[in-house]
Amino acid sequence: MNILITGGGCREPVDGVRCITNMSTGKTSASIAARFAESGAHVTSLTAALSVQPEAIQEGTGSIQIKTYETAADLSAMLRQELTEHSYDAVIHAAAVSDFLPAAITVNGKTVPAGIHAGKIPSGTQMTVTFEPAPKIAPLLRAWAAEGCTGRKTVIVCFKLTDGTDRAERLRASAALFKNNTADYVVSNDITELKGGMHPFELFGAAAEQNAVPFSVCSGKTTEELAQVLYTIIREADVHHPDSRTQMSMTQGGSL
């Protein structure tokens with residue numbers, strides 16, 4: 001199997017020395033990459049430069065090739081190149097992609113474009129930063145993958161992190177990623193539960209009918225469990241028959 005995994009958090013420059021980022025560590029994607037490689041898969045890991053990275057592996061059975069990025073634009077360009085130029089059985093998109101990009105900086109009534117070319121804004125200065133929405137990457141994965149992987153369907157797994165929400169809201173947030181056939185599966189977790197070495201999650205699958213409520217594939221408590229279930233799904237999935245996911249050995253709504 002050829003697997004493409006993204007991980008870590010984007011860093012968007014505010015000025016020449018400062019940036020905005022998020023709380024993603026990259027540990028989840030590193031664990032998933034290791035699980036696939038240990039089972040013989042060939043993994044390409046696109047990981048944020050300052051995040052936890054999987055150990056590069058090159059063996060007779062499996063391998064991990066690591067490529068690093070900084071910004072959401074970097075990651076988008078790398079994903080497009082990988083998916084259009086190579087054939088992947090699955091994309092596991094675990095990176096915490098920027099939702100907002102610094103657009104302008106206002107200091108002492110003067111506004112300049114944000115970014116590395118803004119130089120260093122002097123410390124002690126009151127500064128206002130204006131942000132703009134970042135382009136979404138997930139909706140583009142399917143088309144890119146189809147260009148590089150002709151004749152069969154690439155399984156796409158996306159992640160949705162929430163903050164202090166109940167299950168109903170997590171389901172609604174995850175459902176948005178199934179619209180327009182963006183993802184086949186969505187890993188849902190809540191940041192308030194990611195503590196003490198635990199990594200609770202629920203995996204949702206796309207319903208057979210477009211815009212129908214996603215179904216619960218399974219739930220678990222650790223990153224290792226998540227890595228195992230994703231490996232099982234992608235290994236068993238018949239990419240020539242998208243509806244075969246309902247015939248897998250896992251039962252809807254079950255737990256690991």
Side-chain angles (χ1 to χ4, degrees), residues 1-11 21-39 41-55 64-72 74-76 78-80 82-83 88-99 134 136-142 144-145 154-163 170 173-174 176-178 182-191 193-194 198-206 217-234 237:
M1 288 192 297
N2 293 321
I3 309 296
L4 182 61
I5 300 176
T6 69
C10 298
R11 291 161 48 91
T21 186
N22 53 61
M23 298 173 67
S24 176
T25 64
K27 291 181 180 179
T28 298
S29 62
S31 179
I32 295 171
R35 175 66 184 87
F36 274 82
E38 289 167 359
S39 298
H42 298 286
V43 178
T44 299
S45 176
L46 307 184
T47 312
L50 297 184
S51 295
V52 175
Q53 299 178 13
E55 182 178 352
I64 299 179
Q65 180 184 22
I66 300 171
K67 299 182 179 182
T68 60
Y69 67 87
E70 290 278 352
T71 68
D74 295 339
L75 177 58
S76 181
M78 293 171 71
L79 275 166
R80 181 174 185 174
E82 286 294 326
L83 290 173
Y88 284 99
D89 297 291
V91 180
I92 302 175
H93 187 37
V97 182
S98 304
D99 290 316
K136 296 295 185 182
I137 294 177
L140 304 174
L141 298 177
R142 185 77 70 192
W144 291 341
T154 299
V155 177
I156 296 179
V157 181
C158 291
F159 282 62
K160 188 62 179 181
L161 179 68
T162 54
D163 184 5
R170 298 179 199 186
S174 298
L177 284 168
F178 290 112
T182 295
D184 298 298
Y185 298 94
V186 173
V187 178
S188 170
N189 44 37
D190 194 273
I191 195 168
E193 299 176 352
L194 306 184
M198 301 301 291
H199 194 100
F201 68 90
E202 185 168 7
L203 181 67
F204 294 108
V217 177
C218 65
S219 57
K221 297 182 178 180
T222 67
T223 301
E224 291 73 23
E225 288 178 297
L226 174 58
Q228 176 59 43
V229 73
L230 291 180
Y231 174 76
T232 300
I233 284 174
I234 293 169

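Qualifying salt bridge (Lys or Arg N to Asp or Glu O under 4.0 Å) partners for E224, counting only residues two or more places apart in sequence or in other chains: none. With sequence neighbours excluded, the residues forming a side chain to side chain contact (heavy atoms under 4.5 Å, CB included) with I191 are M23, L161, D163, listed by chain and number.
No donor-acceptor distance shorter than 3.5 angstrom exists from the side chain of T71 to the backbone of R11, with no hydrogens or angles considered. Side-chain N or O atoms of E225 include one that pairs as donor or acceptor with a backbone N or O of T222 at under 3.5 Å. N189 places no side-chain N or O within donor-acceptor distance of the main-chain N or O of L194, the cut-off being under 3.5 Å. For the pair T6 (side chain) and A94 (backbone), a donor-acceptor distance under 3.5 Å is present. The main-chain N or O of Q228 is found under 3.5 Å from a side-chain atom of T232 such that the two form a donor-acceptor pair.
From T182, atom OG1 reaches atom CD1 of I156 across 8.0 Å, with rounding to the nearest 0.5 Å. The structure places OH of Y185 at 14.0 Å from CZ of F159, a figure rounded to the nearest 0.5 Å. The distance from atom OG1 of T44 to atom CD of E82, rounded to the nearest 0.5 Å, is 5.0 Å. Of the inter-residue distances, the one linking L46 atom CG with S76 atom OG reads 11.0 Å to the nearest 0.5 angstrom. Residue T25 holds its OG1 atom at 12.5 Å from CG of L50, rounded to the nearest 0.5 Å. Atoms CD1 and CD, from I64 and E55 in turn, are 8.0 Å apart once rounded to the nearest 0.5 Å.
Salt-bridge formation is not detected for the pair D74/K67: no Lys NZ or Arg NE/NH1/NH2 atom is positioned less than 4.0 Å from an Asp or Glu carboxylate oxygen.
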**Q.** Criterion side chain to side chain contact (heavy atoms under 4.5 Å, CB included) on R35 and L230, from CA distance to verdict
**A.** CA-CA 9 Å; R35 175 66 184 87; L230 291 180; over 6 Å; no
I'd like to know whether I233 forms a side chain to side chain contact (heavy atoms under 4.5 Å, CB included) with D184, so could you lay out the CA-CA distance, the side-chain angles of the two residues, the decisive distance to 0.1 Å, and finally the verdict. CA-CA 11 Å; I233 284 174; D184 298 298; over 6 Å; no
Checklist entry - Step by step, would you call Q53 with T68 a side chain to side chain contact (heavy atoms under 4.5 Å, CB included)? => result CA-CA 9 Å; Q53 299 178 13; T68 60; 3.4 Å; yes
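With V157 as reference, V187 is the one residue of V186, V91, V187, I5 to meet the side chain to side chain contact (heavy atoms under 4.5 Å, CB included) rule. With N2 as reference, D89 is the one residue of D89, T154, V43 to meet the side chain to side chain contact (heavy atoms under 4.5 Å, CB included) rule.
Closest non-hydrogen pair, W144 versus I137, comes out as CZ3-CG2, 4.4 Å. Of all the heavy atoms in L140 and K136, the pair that sits closest is CD1-O, 3.8 Å. The two residues K221 and F201 make their nearest non-hydrogen contact at N-CE2, 4.0 Å. Summarising the geometry of A183 relative to C158, their closest heavy-atom pair is CB-SG, 3.9 Å, with the distance given to 0.1 Å. The two residues A227 and S31 make their nearest non-hydrogen contact at CB-O, 4.2 Å. Taking each heavy atom of Y231 and F36 in turn, the nearest pair found is CA-CZ, 3.4 Å.
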